[in-house]
Amino acid sequence: MFRNQKTYPSLVIFWLYCFFFLRVGHTQDSIDRPLLDAVGTAKVIRYQNPDSSVILLQEAYNESISVGDTLQAINALLEMTDVYGHQANYAKSYDYFWDVLFLSDNIKNDSLRAIIYYRLGRMYSFYKRREDAFKYLQTSLDINKNLVSKGKMDKAYLVQNYYAFCNTYRELDEPKTAKIYLDSCFAYYKNVPGQVNMASLKFEKAFILGQEGKTSEALQIMKEVEPWFLENLPSYLVLVYTYWGDMFRSVSNFQESESYYNKALEISDTYNSHIDFTPLVYERLSDLYLKTGDYQNAFENQRVAKNLDAQFFDSRSERNKPLLEIKDEFRREKERQEKLIQQQRLEQLEQEDKISLLQRIILLGSLIFLIIIGLIYVKHLRSKHKAEKQLIRRNKELEIQKAEELLELKNKELATSALQLVEKDEFLQMLKDKLKKNGESVKASELNQVLKSISVSNTNNWEEFKLRFTAVNEKFYKELIQRYPKLTQSDQKICALIKLNFSSKDMARLLGISVESVHTTRYRLRKKMGLDRSINLEEYIASM
């Protein structure tokens with residue numbers, strides 16, 4: 001919570017190590033073992049002996065810079081911001097923090113940039129810079145969402161960002177908004193390396209439940225998470241015990257409330273941590289003593305709270321004056337560098353622009369010329385292709401027309417030939433009949449010889465006709481047999497004669513059968529073909 005709301009920022013999120021940095025900074029094969037040992041030792045002793053921790057980290061930073069190990073240098077700087085932050089020396093922490101920004105900008109690492117913006121947002125939140133705080137927190141979240149969308153990061157790692165928003169809104173005493181981000185934490189939560197511990201999320205849940213008046217549920221959760229913090233992160237119990245005391249105070253259990261406030265102060269003193277949070281605890285104790293009528297203790301705790309408040313946050317604090325004006329040195333330095341580069345390249349760009357303009361004009365002219373030539377050539381090809389297609393189509397139509405005319409001519413010749421065969425057979429039959437009548441004046445042996453020589457054979461006539469018809473109408477015959485393979489020879493004869501537009505009488509004469517037989521054959525033929533009465537047999541066969 002912010003100072004004008006009678007509450008003070010929790011530094012736990014600002015000082016927790018993000019999984020991103022662990023993943024980026026601690027997996028490099030190039031990191032020297034002595035540097036790792038120095039940083040590790042500094043982390044161990046930073047609560048008991050912060051000055052020695054800073055010395056080790058400064059040496060590790062200098063060594064990293066000398067060997068060109070940027071990631072390890074950033075690691076050392078971040079550790080120094082932690083040490084100074086836990087001492088509420090935000091000016092020093094702030095200075096080192098901007099050094100981290102300079103280094104991280106040079107290596108173009110998105111994961112690391114997300115960490116920097118995340119912690120920058122938390123830094124701004126400590127001094128009531130709400131707009132800037134949420135701007136940088138959102139920037140960090142957007143960077144990580146982009147990494148998730150590209151498949152470079154598991155979406156479970158977004159929990160760290162949502163957790164930062166939840167913490168900030170808790171400090172702003174906006175539990176409803178904090179709950180929204182806490183729900184997102186649980187929705188995306190998965191056990192991945194560097195993940196926020198579930199105990200921390202449950203602590204946030206207990207705070208929200210307490211604000212909603214569900215004190216018994218909140219107290220139960222506090223009991224559940226306390227063992228984990230005792231074993232893994234005891235310095236964080238400063239916050240846990242403070243809010244635990246708030247819950248007892250809300251139900252007027254002042255004795256338990258006082259006990260937990262004192263525990264919070266003991267933890268802060270033991271681990272030399274979260275000392276910026278102690279003014280809040282003394283203020284809560286003052287309010288508690290005021291309610292119980294212990295005015296002397298109430299006054300004393302209020303005096304301590306005001307002194308610490310002035311030391312850590314007022315403009316009277318020399319070490320924190322720079323933060324009251326929070327200067328965005330990184331951004332300004334980047335702007336100065338960009339302006340310098342622009343000035344150095346201005347003349348060069350002007351000359352290059354002139355050359356580039358001339359080149360573009362020449363290139364544009366060449367492109368236009370090539371496009372015009374190309375269009376003319378394409379148009380020529382299209383015209384040529386169109387003419388060729390028209391010629392091919394016209395030739396094909398002529399060929400089809402010639403073929404149809406030739407087919408029609410041959411069919412006419414075939415019909416004429418068939419009729420001539422019929423007339424020949426009729427003449428021979430008539431001659432045969434006359435010879436039989438006048439056979440008495442002719443010798444019997446001579447008469448038989450003549451009759452045998454002029455014997456009529458309809459079968460031979462038909463076979464001759466079939467061969468000629470098939471040669472002319474090969475396609476028709478194949479299609480007829482393919483469609484109706486069960487047609488008899490007599491049926492095929494009728495179909496062929498219908499194709500040649502023979503009348504029933506001519507069919508009877510050619511086939512040597514009666515007209516009634518032709519009609520009967522046509523009727524059977526329609527049944528075999530399965531034709532409806534509405535279909536004209538002649539037109540149907542002619543279309544084949």
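These figures come from a predicted structure and were not determined experimentally.
- Inter-residue side-chain proximity for Trp228 and Lys202 is flagged as unmet; no heavy-atom pair is nearer than 4.5 Å.
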**Request:** Begin from the C-alpha positions of Leu480 and Ile541 and carry the test side chain to side chain contact (heavy atoms under 4.5 Å, CB included) through to its verdict.
**Result:** CA-CA 9 Å; Leu480 178 66; Ile541 292 177; over 6 Å; no

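- Here the side chain of Glu538 pairs no donor or acceptor atom with the backbone of Asn501 at under 3.5 angstrom.
- Applying the 6.0 Å contact sphere to CG of Asp353 captures more than 12 heavy atoms from other residues, nucleotides or ligands.
- Taking a 6.0 Å sphere around CD of Glu231, one finds it holds 12 or fewer heavy atoms contributed by other residues, nucleotides or ligands.
- Counted within 6.0 Å of CD on Gln482, heavy atoms from surrounding residues, nucleotides or ligands total 12 or fewer; the atom is thus considered open.
- In this structure the side chain of Arg170 never reaches within 4.5 angstrom of the side chain of Ile208, judged on heavy atoms.
- Closest of all the heavy-atom pairs between Leu487 and Cys495 is CD1-SG, 4.5 Å.
- You'll find the ring centres of Tyr169 and Phe134 inside the 6.0 Å limit.
- Not a single donor-acceptor pair under 3.5 Å links the side chain of Tyr162 to the backbone N or O of Asp183.
- For the residue pair Asp173 and Gln211, the shortest heavy atom distance occurs at OD1-OE1, 3.6 Å.
- In this structure, the side chains of Leu531 and Leu525 stay at 4.5 Å or more apart for every pair of heavy atoms.
- Taking the six-membered ring for Trp and thresholds of 30 and 60 degrees, Phe165 and Tyr181 have nearly parallel ring planes, at less than 30 degrees apart.
- At a threshold of 4.5 Å between non-hydrogen side-chain atoms, the residues Tyr157 and Pro193 count as touching.
- The shortest heavy-atom contact between Lys223 and Pro227 is O-CD, 3.3 Å.
- Of all non-hydrogen atoms in Ser140 and Tyr118, the two that sit nearest each other are OG-CB, 3.4 Å.
- In this structure, Met222 and Phe203 have side chains that are in contact, with non-hydrogen atoms separated by less than 4.5 Å.
- Thr488 and Asp491 share a donor-acceptor pair across their side chains, judged by distance under 3.5 Å alone.
- With a 4.5 Å cut-off on side-chain heavy atoms, Thr521 and Met507 do not count as touching.
- Closest approach of Val196 and Ser200 over heavy atoms only: CG1-CB, 4.0 Å.
- Two residues are said to be in side-chain contact when any heavy atoms from C-beta on lie closer than 4.5 Å; Arg522 and Ile498 meet this criterion.
- More than 12 heavy atoms of other shown residues, nucleotides or ligands fall within 6.0 angstrom of atom NZ in Lys528.
- Under a cut-off of 6.0 angstrom, the local environment of CZ in Arg382 is sparse, with at most 12 non-hydrogen atoms contributed by other residues, nucleotides or ligands.
- Taking all atoms of both residues into account, the shortest heavy-atom contact from Asp154 to Val148 is O-CG2, 4.0 Å.
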**CA sep, side-chain torsions, deciding dist, call: Met529, Ile535, side chain to side chain contact (heavy atoms under 4.5 Å, CB included)** = CA-CA 11 Å; Met529 290 182 170; Ile535 299 176; over 6 Å; no

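- Between the side chains of Arg524 and Thr520, no donor-acceptor pair is found at a separation under 3.5 Å.
- The number of heavy atoms from other shown groups lying within 6.0 Å of OH (Tyr188) does not exceed 12.
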**Request:** Show your working on side chain to side chain contact (heavy atoms under 4.5 Å, CB included) between Leu147 and Asn144 and close with a plain yes or no.
**Result:** CA-CA 5 Å; Leu147 292 174; Asn144 287 331; 3.9 Å; yes

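- Taking 4.5 Å as the limit, some side-chain heavy atom of Tyr523 sits within range of a side-chain heavy atom of Lys527.
- Lys499 and Glu479 are not joined by a salt bridge, as no carboxylate oxygen comes within less than 4.0 angstrom of a charged side-chain nitrogen.
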**Message:** Checking Phe186 against Met198 for the side chain to side chain contact (heavy atoms under 4.5 Å, CB included) test, could you report, in this order, the C-alpha distance in whole Å, the side-chain angles of both residues, the deciding distance, and whether it holds?
**Reply:** CA-CA 9 Å; Phe186 285 119; Met198 184 58 70; 3.6 Å; yes

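- A salt bridge is absent between Glu212 and Lys205; no separation between the charged side-chain nitrogens and carboxylate oxygens falls under 4.0 Å.
- Between Asp110 and Arg113 there is a salt bridge, since a side-chain N of the basic residue sits under 4.0 Å from a carboxylate O of the acidic one.
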